Each structure stands twice: as structure tokens, then as C-alpha cells.
Undergrad: 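Can you read through this structure? Questions will come right after.
All of these numbers come straight from a predicted model, not from anything done at the bench.
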Amino acid sequence: MKITLEDHSAEVLEALDAAVGRALEKCGLVAEGYAKKLCPVDTGNLRNSITHTVTDNGERAAYVGTNSKYGVYVECGTGTYYPGGRKTPWLYRDAKGNVHLTHGQRAQPFIKPSVAEHGDQYKRIIKAELKGG
């Protein structure tokens, strides 16, 4: 009786890596959708700037975010509403020349909850992809 062993570990690892990539892409798309739903809208620029990316630089990950310069201020708040922020109110002049007193802006998180509040869904997406779709 002759037994022949064949090594298919490279194909298995390649299929696993592809499944992980697909799962992360799906998770990124879902998280991006949640972030866009939660994003406060004035002009739509912030919401339109929300995107996701999947990386493979030593650690596979999906990231959701914005490249908007003011996105962090909407997400985290400003002035007295931001931990470590300015403690006193201030005046500013709007485009029409009117002067306003402000304490800052309250946080309106849209990125963090899009990830943190849907962990079970992301686990299901990853599990389904690893099982073959």
C-alpha cells in the first residue's frame, strides 16, 4: 500500500487571506454607511468625505474616517465640551459681521459609534466570509 501526501497549505493560506480581505472590505463598507447615516449634515461636505480603507501592512485592518479638516471637531467637540479644551467662552464674528458668544461645540460622534456599536454585525460578516461566503 502506497500513501502519497500532497501539501496544499499554500492554497489554503491564500484562500484564507482572500476571505479576510473580502470580510474587511465588507465591514469597511458597512461601517462607512453607518458613519454617513450618523454624520450631522450642513452642506454635506463632511458626510461626502467619509470613506474606508483596508490595509495589509503587517496587520490586516479596515479603517473608517474622513479627511475633512473639521471632522475631528464634529466628532470630538470643541471648547468647554472637549476634555482638555478651552475652559472659557469666546466671541467670534460671522460672515455678516454679527458677533456671537460661544462655549464651543458639543461632540456629535459619527465615526466611533459606526464601529463600536456594531461589533456583533462585523463578527457575523467575518465569520460568514471565512465559512465561504
Side-chain angles (χ1 to χ4, degrees):
M1 172 191 226
K2 182 178 176 185
I3 298 176
T4 305
L5 298 176
E6 293 183 21
D7 182 6
H8 293 281
S9 60
E11 291 94 347
V12 170
L13 289 174
E14 186 177 318
L16 180 61
D17 186 57
V20 168
R22 287 190 308 273
L24 289 173
E25 181 63 29
K26 286 180 182 180
C27 289
L29 280 169
V30 170
E32 180 182 326
Y34 283 130
K36 287 181 177 184
K37 284 181 185 174
L38 292 171
C39 182
V41 177
D42 183 16
T43 64
N45 290 336
L46 180 57
R47 181 185 54 210
N48 292 339
S49 73
I50 298 169
T51 188
H52 76 281
T53 187
V54 176
T55 63
D56 186 11
N57 50 357
E59 181 177 80
R60 302 291 302 263
Y63 294 95
V64 178
T66 175
N67 62 358
S68 169
K69 291 180 180 180
Y70 61 90
V72 66
Y73 303 118
V74 175
E75 178 81 15
C76 299
T78 62
T80 60
Y81 303 109
Y82 179 75
R86 184 176 179 153
K87 305 277 187 255
T88 58
W90 65 95
L91 299 172
Y92 73 94
R93 189 175 309 273
D94 66 19
K96 294 180 181 178
N98 299 317
V99 176
H100 302 274
L101 174 70
T102 185
H103 293 267
Q105 173 181 292
R106 292 185 188 277
Q108 300 175 74
F110 59 99
I111 299 290
K112 184 177 179 183
S114 73
V115 176
E117 295 176 4
H118 302 282
D120 289 340
Q121 182 177 3
Y122 302 132
K123 286 179 190 176
R124 285 192 300 274
I125 290 169
I126 293 168
K127 194 174 190 178
E129 227 19 84
L130 292 176
K131 284 185 175 182

Undergrad: Taking all non-hydrogen atoms of both residues into account, name the closest pair between Ile125 and Ala23 and its distance.
TA: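 Between these two residues, the closest heavy atoms are CG2-O, 3.9 Å.
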
Undergrad: If the plane angle is over 60° it's perpendicular, under 30° parallel, otherwise tilted; pick one for Tyr34 and Tyr122.
TA: perpendicular

Undergrad: In sequence, state the C-alpha distance, the side-chain angles, and the governing distance for Val30 and His118, and then conclude on side chain to side chain contact (heavy atoms under 4.5 Å, CB included).
TA: CA-CA 9 Å; Val30 170; His118 302 282; 5.9 Å; no

Undergrad: How many angstroms lie between atom CD of Glu32 and atom OG1 of Thr66, to the nearest 0.5 angstrom?
TA: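 The distance works out to 10.5 Å.
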
Undergrad: What residues form a ring pair (Phe, Tyr, Trp, His ring centres under 6.0 Å) with His100, not counting sequence neighbours?
TA: Tyr92

Undergrad: Is it the case that one hydrophobic cluster holds both Trp90 and Leu101, taking links as side-chain heavy atoms less than 4.5 Å apart, direct or via other members?
TA: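 Trp90 does not cluster with Leu101.
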
Undergrad: Between atom CG of Leu24 and atom CG of Asp56, what is the distance when rounded to the nearest 0.5 Å?
TA: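 Nearest 0.5 Å value for the CG-CG distance: 9.0 Å.
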
Undergrad: Nearest 0.5 Å please: distance from the CZ atom of Arg22 over to the CD1 atom of Ile126.
TA: 13.0 Å

Undergrad: Looking at every non-hydrogen atom in both residues, tell me the closest pair between Glu75 and Ala107 and how far apart they are.
TA: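 Reported closest heavy-atom pair: O-CB, 3.5 Å.
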
Undergrad: Is it the case that more than 12 heavy atoms not belonging to Glu14 sit under 6.0 Å from its CD atom?
TA: no

Undergrad: Provide the full list of salt bridge (charged side-chain N to carboxylate O under 4.0 Å, His left out) pairs with a residue in residues 77-97, sequence neighbours left out, each pair given once.
TA: none

Undergrad: How far does NZ of Lys69 sit from OG of Ser49, to the nearest 0.5 angstrom?
TA: 12.5 Å

Undergrad: Any ring pair (Phe, Tyr, Trp, His ring centres under 6.0 Å) pairs touching residues 46-69, not counting sequence neighbours?
TA: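 Listed by first then second residue: nothing to list.
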
Undergrad: For the atom pair CD (Gln105) and SG (Cys76), what is the distance rounded to the nearest 0.5 Å?
TA: 10.5 Å

Undergrad: Suppose clustering is done on Ile, Leu, Val, Met, Phe, Trp and Tyr with side-chain heavy atoms closer than 4.5 Å. Which residues sit in the same group as Tyr81?
TA: none

Undergrad: Report the hydrophobic cluster partners of Phe110, with the cluster defined as I, L, V, M, F, W, Y residues connected by side-chain heavy atoms closer than 4.5 angstrom, directly or transitively.
TA: Leu38, Leu46, Ile50, Val64, Tyr70, Val72, Tyr73, Val74, Ile111

Undergrad: Mind checking the CZ-CG spacing from Arg124 to Asp120? Nearest 0.5 Å is all I need.
TA: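 It is 6.0 Å, given to the nearest 0.5 Å.
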
Undergrad: Just jot down the ring pair (Phe, Tyr, Trp, His ring centres under 6.0 Å) partners of His103, sequence neighbours excluded, or say none.
TA: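 So His103 forms no ring pair (Phe, Tyr, Trp, His ring centres under 6.0 Å) with any residue.
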
Undergrad: Of the non-hydrogen atoms in Ala35 and Ser114, which two are nearest, and what is the gap between them?
TA: N-CB, 3.5 Å

Undergrad: Please determine whether the number of non-hydrogen atoms from other residues, nucleotides or ligands lying under 6.0 Å from atom CZ of Arg60 exceeds 12.
TA: yes

